[in-house]
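Take a look at the structure below.
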Number of protein chains: 2
Amino acid sequence: MAHKLNQIFSALADPTRRDILIMLLEDDMAVTDIAEPFEMSLAAISKHLIVLSKAGLVLQERRGRVKWCKLDPEAMHAAFVWIQTFGQLDPINLDTFEEFLEKEKLLNNSESI
Amino acid sequence: MAHKLNQIFSALADPTRRDILIMLLEDDMAVTDIAEPFEMSLAAISKHLIVLSKAGLVLQERRGRVKWCKLDPEAMHAAFVWIQTFGQLDPINLDTFEEFLEKEKLLNNSESI
DNA sequence: ACTTTATTCAACCAAATAGTTGAATAATAG
DNA sequence: CTATTATTCAACTATTTGGTTGAATAAAGT
């Protein structure tokens, strides 16, 4: 796939992958631990991580038999810059995860109309 | 398709659609005029515009036989907020995150009915 | 009335995506 | 050495995506 933005945005288009990214905000994690809260197979999560890794959103470093995954803010920043530049949007200021959830909830509600 | 963010990010994942959005920054346009610089068929562009419209990135208003397309900054802003909030998040506690996953799961189930 | 213009629809196709299961690989533990 | 653990691979399936063409619809122009 040609353009890096294609990979970044399509990586972000999947809710499982967005959830993984949010998990990785807290700490670096091994593939198996990332997979734990999800209801799909480990192989599926492994694939999602490869997608995130190819998009540059996640770095994977193998130590022994464990592959540690960590956020790589670089690609996310590229998407951010694209959107911001596009609309000349002003960065907003949100502080907590609770506010973030609130936003998501509002978004979900408006969607179900 | 489940989450509004899914639609927004996957709409943004296609370079043709990003180009269309950039064209629309300049001015509102009719479908045929949007299609003109691209090498694909008019029907293909029409489909892309429907995707953009469903994602909430573009508004389409029919006047006579012409369908005018204009940017709707709302959805773009939602994506912007998601990314920006993401980067701002403080370490989260896992319980909250599990709740978040639960809510998403319920939401997705109710949508797929 | 007839023709042109604007847009979408319908049917189709190839490729990509997101998931599955079971086997394979490779490192660690006992 | 053997068993367990961590991860991926391979093969398969169903669905979605992005494109095509030709016909359909509907408004406007002559």
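Values below: all heavy atoms of this structure, side chains included; hydrogens, waters and symmetry mates excluded. So that the names make sense, note that chain A is the first sequence line, chain B the second, and so on, each numbered from 1.
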Hey, can you pull the donor-acceptor pairs under 3.5 Å for the side chains in residues 15-28 of chain B, sequence neighbours left out?
from  : atom 1 : to    : atom 2 : distance (Å)
B:R17 : NE     : B:A11 : O      : 2.9
B:R17 : NH1    : B:H48 : ND1    : 3.1
B:R17 : NH2    : B:S10 : O      : 3.0
B:R18 : NH1    : A:N6  : OD1    : 3.1
B:R18 : NH1    : B:L12 : O      : 2.8
B:R18 : NH2    : A:N6  : OD1    : 2.6

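- Atom CG of B:D19 is separated from atom C1' of D:dG18 by 15 Å (rounded to the nearest Å).
- The phosphate of D:dT17 has neither OP1 nor OP2 within less than 4.0 Å of any side-chain N or O from B:K47.
- Phosphate contact (OP1/OP2 of D:dT8, side-chain N/O of A:S46, threshold under 4.0 Å): present.
- Between the P atom of D:dG19 and the CD1 atom of B:I50 lies a distance of 14 Å, rounded to the nearest Å.
- If you check residues 51-62 of chain B against DNA chain D, you find no residue with a heavy atom closer than 4.0 Å.
- Rounded to an integer number of Å, the gap from CG of A:L49 to P of D:dT8 is 7 Å.
- Other members of the hydrophobic cluster containing B:V66, listed by chain and number, are B:W68; membership follows side-chain contacts under 4.5 Å among ILVMFWY residues, whether direct or relayed.
- Along DNA chain C, the nucleotide nearest B:A30 and the nucleotide nearest A:M40 are compared for position; the residue whose nucleotide lies closer to the 5' end is B:A30.
- Between A:I45 atom CD1 and C:dA18 atom P the separation is 12 Å, expressed in whole Å.
- Partners of A:A43 by side-chain contact (heavy atoms from CB on, under 4.5 Å), not counting sequence neighbours, listed by chain and number: A:S41.
- Contacts classified as salt bridge (Lys or Arg N to Asp or Glu O under 4.0 Å) and involving residues 53-69 of chain B (residues at least two apart or in different chains) are given here: B:E61-B:R63.
- C:dA16 atom P lies 13 Å from atom CG of A:N6, rounded to whole Å.
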Practice problem: If a protein heavy atom is under 4.0 Å from the base, mark B; if only from the sugar-phosphate, S; if neither, -; do that for nucleotides 21-30 of chain D going 5' to 3'. | Solution: B-----BS--
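- Residues forming a side-chain contact (heavy atoms from CB on, under 4.5 Å) with A:A35 (at least two apart in sequence, or on another chain): A:L42, A:I45.
- Without hydrogens or angle criteria, B:T85 side chain to B:V81 main chain gives a donor-acceptor distance under 3.5 Å.
- One can place CG of B:D14 at 11 Å from P of D:dT17, the figure rounded to the nearest angstrom.
- Between the NE2 atom of A:H48 and the C1' atom of D:dC9 there is a distance of 17 Å, rounded to whole Å.
- The closest side-chain heavy-atom distance from B:V31 to B:C69 is below 4.5 Å.
- Pairs of residues two or more places apart, or lying in two chains, that qualify as ring-ring contact (aromatic ring centres under 6.0 Å, His included) and include a residue from residues 8-28 of chain B are B:F9-B:W82.
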